[in-house]
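Residue indices begin at 1 and follow the sequence shown. No hydrogens, no waters, no symmetry mates; every other heavy atom, side chains included, goes into these values.
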Amino acid sequence: MTTIPSLPEHGEQSPENRRTISRRFILQAQEELAQGNRLQAGEKAWGAVAQHLKIIGADRGWNNHTHRQLESIGRQICAEYPDYASPAFMEALSDAYHKGHENFYNNSSSFSEVSDVVEEVGKRALPVLEILGTLPPRPFRIESNTQRRRLVELTGNHALQVGDDSPAGFSLRH
């Protein structure tokens, strides 16, 4: 049996603290599944993903306090790093939220669906998020209103327009 890491102290969390929390959550998700608790398992899988999205968001100075902002961070890094954003990775991120997190509230996903989410988060999402959390932002050009709205949400900069570009992926800290 794998030992679940202890929680770091409360308060502002360093990237390493968030990685520890993520490891804790994915191990707890696996334990919850083994006990038949798909509601908690899915929520823990989403929590493991969310911790890494918060690392990336904080590093860039982006808003990262709501579910919507975390989902936007995931979408933005997929757009910025298409070489890492395989269909399996993007599906694992989406399923962590839609079949994992939302299931906690709606009881809408089967045991099999949540089991797949936990497996894919551990196998496909977390390893890529670990890497992306260490990479500097890439240059990015806003090509659509969808991208503009997402970056306005993350940066708070309402002056952004389609066609704007940034050598640092619209990071506020790089």
Side-chain angles (χ1 to χ4, degrees), residues 1-135 137 146 150 153-154:
M1 180 175 199
T2 305
T3 303
I4 294 179
S6 298
L7 280 173
E9 291 297 317
H10 70 282
E12 286 298 312
Q13 298 300 316
S14 70
E16 188 50 44
N17 286 345
R18 290 204 180 279
R19 285 184 200 94
T20 297
I21 293 168
S22 177
R23 283 190 296 276
R24 179 182 174 94
F25 283 164
I26 197 62
L27 291 171
Q28 287 177 324
Q30 293 163 352
E31 282 190 0
E32 293 290 352
L33 268 181
Q35 296 171 14
N37 190 343
R38 63 186 161 68
L39 298 179
Q40 284 292 330
E43 184 70 350
K44 296 296 185 186
W46 163 247
V49 167
Q51 292 300 313
H52 283 280
L53 295 174
K54 289 181 82 57
I55 290 169
I56 294 166
D59 177 62
R60 294 175 180 215
W62 289 345
N63 296 317
N64 63 86
H65 304 290
T66 69
H67 293 112
R68 181 181 166 101
Q69 290 165 348
L70 294 177
E71 186 175 16
S72 290
I73 291 168
R75 289 181 187 280
Q76 183 60 29
I77 62 171
C78 285
E80 192 174 313
Y81 295 94
D83 45 331
Y84 285 93
S86 70
F89 171 72
M90 292 190 299
E91 185 174 1
L93 288 182
S94 177
D95 285 353
Y97 182 78
H98 294 287
K99 292 182 183 172
H101 174 64
E102 287 182 358
N103 185 58
F104 181 76
Y105 298 99
N106 299 323
N107 192 26
S108 55
S109 297
S110 70
F111 183 87
S112 176
E113 288 172 314
V114 174
S115 180
D116 288 348
V117 167
V118 172
E119 181 179 346
E120 292 301 305
V121 163
K123 190 164 68 173
R124 306 250 189 257
L126 296 182
V128 173
L129 288 168
E130 271 290 337
I131 294 167
L132 292 175
T134 65
L135 297 178
T146 299
R150 181 172 60 231
E153 176 183 23
L154 294 174

May I ask you to say whether Arg19 pairs ionically with Glu16, meaning some side-chain N is under 4.0 Å from a carboxylate O?
yes

If I take atom CZ from residue Phe111 and atom CG from residue Asp116, how far apart are they, to the nearest 0.5 angstrom?
10.0 Å

Check this for me, if you would: do Arg60 and Glu80 make a salt bridge, where the nitrogen-to-carboxylate-oxygen distance has to be below 4.0 angstrom?
yes

Calculate, to the nearest 0.5 Å, the distance between atoms CG and CZ belonging to Leu129 and Arg124 respectively.
13.5 Å

Do the non-hydrogen side-chain atoms of Pro15 and Asp59 ever get within less than 4.5 Å of each other?
no

Check whether Asn103 reaches the backbone of Ser108 with its side chain - one donor and one acceptor, N or O, closer than 3.5 Å.
yes

Arg150 and Gln76: side chain donor to acceptor below 3.5 Å:
yes

Quick check: do Ile4 and Glu31 have side-chain heavy atoms less than 4.5 Å from each other?
yes

Between Val117 and Ala45, what is the shortest heavy-atom contact and its length?
CG1-CB, 4.2 Å

Looking only at heavy atoms, which two atoms of Asn64 and Ala58 are closest? And how far apart?
ND2-N, 3.6 Å

Distance-only, no hydrogens or angles: does the Gln69 side chain make a donor-acceptor pair with backbone N or O of Thr66 under 3.5 Å?
yes

Side chains of Thr20 and Arg23: do they bring a donor and an acceptor to under 3.5 Å?
yes

Quick one: sort the Tyr97 and His67 rings into parallel, tilted or perpendicular, breaks at 30° and 60°.
tilted

Once rounded to the nearest 0.5 Å, what's the spacing between atom CZ of Phe25 and atom CZ of Arg18?
9.5 Å

Glu102 side chain vs Gly100 backbone, donor-acceptor pair below 3.5 Å:
no

Minimum heavy-atom distance Pro127-Lys123, with the two atoms named
CG-O, 3.5 Å

Using a 3.5 Å distance criterion without hydrogens, assess whether the side chain of Ser72 forms a donor-acceptor pair with backbone atoms of Arg68.
yes

With rounding to the nearest 0.5 Å, note down the distance linking CD in Glu43 to CG in Asn37.
11.0 Å

How many angstroms lie between NE2 in His98 and CH2 in Trp46, if you round to the nearest 0.5 Å?
8.5 Å

Any side-chain heavy atom of His52 sitting closer than 4.5 Å to one from Leu126?
yes

Counting only heavy atoms not in Glu113, do more than 12 fall under 6.0 Å of its CD?
yes

If I take atom CZ from residue Phe89 and atom SG from residue Cys78, how far apart are they, to the nearest 0.5 angstrom?
5.0 Å

Any heavy-atom pair between the side chains of Ser109 and Arg38 that's under 4.5 Å?
no

Restricting to non-hydrogen atoms, name the atom on Leu33 and the atom on Ser115 that form the minimum distance, rounded to 0.1 Å.
CD1-CA, 3.6 Å

Side-chain contact, heavy-atom cut-off 4.5 Å: Gln30 with Lys44?
no

Just wondering, do Leu27 and Thr3 contact through their side chains at under 4.5 Å, heavy atoms?
no

Closest heavy-atom contact between Ile56 and Gly133?
CG1-CA, 3.8 Å

Would you name the heavy atoms of Glu153 and Asn63 that are closest together and state the gap between them?
O-ND2, 2.9 Å

Quick one: does any side-chain atom of Gln13 pair with a main-chain N or O of Glu9 as donor and acceptor, under 3.5 Å?
yes

